[in-house]
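Note that these values count all heavy atoms, side chains included, but never hydrogens, waters or copies made by symmetry. Below, read A as the first sequence line, B as the second, and so on, with proteins coming before strands; counting in each chain starts at 1.
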Amino acid sequence: MERRYLLFTAGGEGFALGLGEVVEVRERADLFPLPRVPEAILGLMNYHGNLTAILDFAAFIGSLGRNDGKLLVLDPKLAALALWVDEVKAIVPEEAVEVVAEGERHWETATLNTDFGTMTLLRLEGLLEEVESQLAAEP
Amino acid sequence: MTMDMSQYRALFLAESREYLEEMGRCVVALDSGAGGKPEVDALFRAAHSLKGMALSMEFEPIVALAHSMEDLMVRVRDGALSFDRGIGDLLLEGADLLEGMMQDLEAERPLRGPEDLPLRLSSYSPGQATAPKAPEPAPEPEVGAPAEPAREALRETPAEAGFEPATVRVRTELLDHLANLTGELLTNKQRLLSLAREVSSSRLDEALTETNRLLRSLQDEVARVRLMPFDAICPRLERSVRDVSRKSGKQADFVIEGREIGLDRGVLEQLGEPLNHILKNAVDHGLEPAEERQSLGKPERGTVTLSVTRDRDQVVILVTDDGRGMDPAKMIASAVKKGLIDPDEGAMLSPRQALMLSVIPGFSTAGKVTEVSGRGVGMDAVNSTIRRLGGILAIDSQVGSGSRFTLRLPMTIATVHALLVRCGKFKGAVPVSAVQRSVELRREQIRSESGRQVFYLGDEPVPVLSLNRILGLPLGRFPRGFLPVFVTEVKGRQLGLVVDELLGQHELYIKPLGRPLGKVAGVAGGAILGDGEIVPVLDLATLM
């Protein structure tokens, strides 16, 4: 089956995720705080009975996001995580993007050229590892 | 055309591992003199059934090895050989190798070969465990050739080995899913109860009372389905005691009582390692060598007893040895020397608190690290696991008479009773098993002693810390002048934790946090309250 990408923005930058990694795009949910986590982890939400962490993606990349954003809920089989992002731009097929460079950070797969501008394709496993290492570094 | 057997692989692995456990249990029983003909027959049946299953799956190396083990047991069963330690060693080596092959299967890599073990099994004679020798009664492969069982002879039905399936095998994931759904229903029941209070309808209340009763039954039944007898992990423990006894040269009798007591599958799975560690310590460090025991007027053989009993909805596991015991004064001295506590703290510890120093990371009173235990990291992990399961560990010891480790655990882990606390905007749950008591203190009850804030519970000074501070939250104000405190035990020492508010006890269904939050230190999971609010469940042992 053809691979598709979900394009979104956060903190003024463009990103992409494999569409199969996202199960739902939704409005902000009730969230409940957690102690001793990095600021980018906003808290927990109840996603169909699964306790799901919300990651403010703009804060994660060291930027400032919007308050009226969207939640990208990742496939619970892959992670108990939802990304708080500024805006979902589009869902595009693989042939509509052009890989122009490899990713720089270990949670980036590649830089893509799209009709919506340059987007960084995320590597989910790398992203989870990065968040986990930040959690481990919390005092 | 060949048939795709991959779908049967999980079933094969699960059943094979049961046979391997059975083998371990029988060898240990025969070794200790407690076993007899039933164990010999069971060993034969286990090897035979394993071989038959492996044959149908076309796992040749497993067939070859199981066949040789079966043949050896035929010789024992028919009286050509008497069961001895050499046979036990070979069978356990075979069981270990088979487990390795199971792991290869799981990892979908080529099966490791049985190497020369089939030959050693087939050529075994008493006193010559490794010397190849032509076998006596059973048909054997040629010396030097791989043990290749004759296929026709191997095609016996499981019934010939006395195997009669009497139960339905259910995937463990399905049981977990059932427990999860039941927990969801309980959470929703709480929501309905909250809404019913707003509506005030007697008919709705009646319906909810009935729903509540049915849900309670469902919860009990699901919990019961998940129960497994403690016996499921006994072969592993017996094997471990046998191995450590041999390696350390200690003579130990190992007695297990209460094998039939049921525990939640999840609890049981996680109990193996901690119990293993406690038992290894009991033999390796607790029991004295035979000569020393004799000189002390003790029986030459030491005894380690593991007893399992039920106390309402808890299971109590006692591990007792009749060894040298632990000296609280030596433990305090050792902890001070290692810089784990200062001398003033040491002076304030009761004997029981001193014994619990052994669960502090890096603590070990062993004079030397041995091959089998005593690296000073184990008891900390043991305590953490027991805490995580919602249980508590206590240690008692009498110098010269022995030690007793008491593990008090919930029978099921699907739901726990927890104390809800509030610290600023944050709400958290603490399993009641970790809460010794809750009190409200006036400010003047808290004194400064040796640079620490303490209050007195009877004659015992109990240090006080702010949970807000530990969680990195602003400190509370307490306008009423009372400080809500709950008393817990961390690393063997009592500790009072001040919170902004104690919100009472709740029955919670604990859910895992998954990735990436599973790595958050001090949080064991989360629970959804009746009003939909999520509260993290705090693991105080790792939070401090």
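The CD1 atom of Ile470(B) sits 8.0 Å away from the CZ atom of Arg36(A) when rounded to the nearest 0.5 Å.
Enclosure of atom CG in Leu64(A) is not indicated, since only 12 or fewer non-hydrogen atoms of other residues, nucleotides or ligands lie within 6.0 angstrom. Within 6.0 Å of CZ in Arg26(A) there are more than 12 heavy atoms belonging to other residues, nucleotides or ligands. Summarising the local packing, CZ of Arg477(B) is surrounded by 12 or fewer heavy atoms from other residues, nucleotides or ligands at distances under 6.0 Å. In this structure, Glu39(A) places its CD atom where only 12 or fewer heavy-atom neighbours from other residues, nucleotides or ligands lie under 6.0 Å away.
Interface residue Ile528(B): only side-chain heavy atoms are found under 4.5 Å from chain A. Neither the backbone nor the side chain of Leu473(B) comes within less than 4.5 Å of any heavy atom of chain A. Lys511(B) touches chain A through backbone and side chain together, each having a heavy atom under 4.5 Å away.
The residue among Leu55(A), Leu78(A), Leu81(A) with the most heavy atom pairs within less than 4.5 Å of chain B is Leu81(A).
Contact record, Leu135(A) with Pro516(B): CD1-O, 3.3 Å, taken as the closest heavy-atom pair. Across every non-hydrogen atom of Phe426(B) and Pro35(A), the tightest pair is CE1-CD, 3.3 Å. Shown here for Leu34(A) and Pro536(B), the closest heavy-atom pair between the two residues is CD2-CG, 3.6 Å.
Side-chain atoms of Leu44(A) and Leu513(B), non-hydrogen and from C-beta on, do get closer than 4.5 Å to each other. Counting heavy atoms from C-beta outward, Val131(A) and Leu517(B) have side chains that stay 4.5 Å or more apart. By the 4.5 Å heavy-atom criterion applied to side chains, Asp30(A) and Ile534(B) are not counted as neighbours.
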Salt bridge (charged side-chain N to carboxylate O under 4.0 Å, His left out) between Arg515(B) and Glu129(A), intermediate numbers included: CA-CA 9 Å; Arg515(B) 285 188 79 184; Glu129(A) 285 170 3; 5.0 Å; no
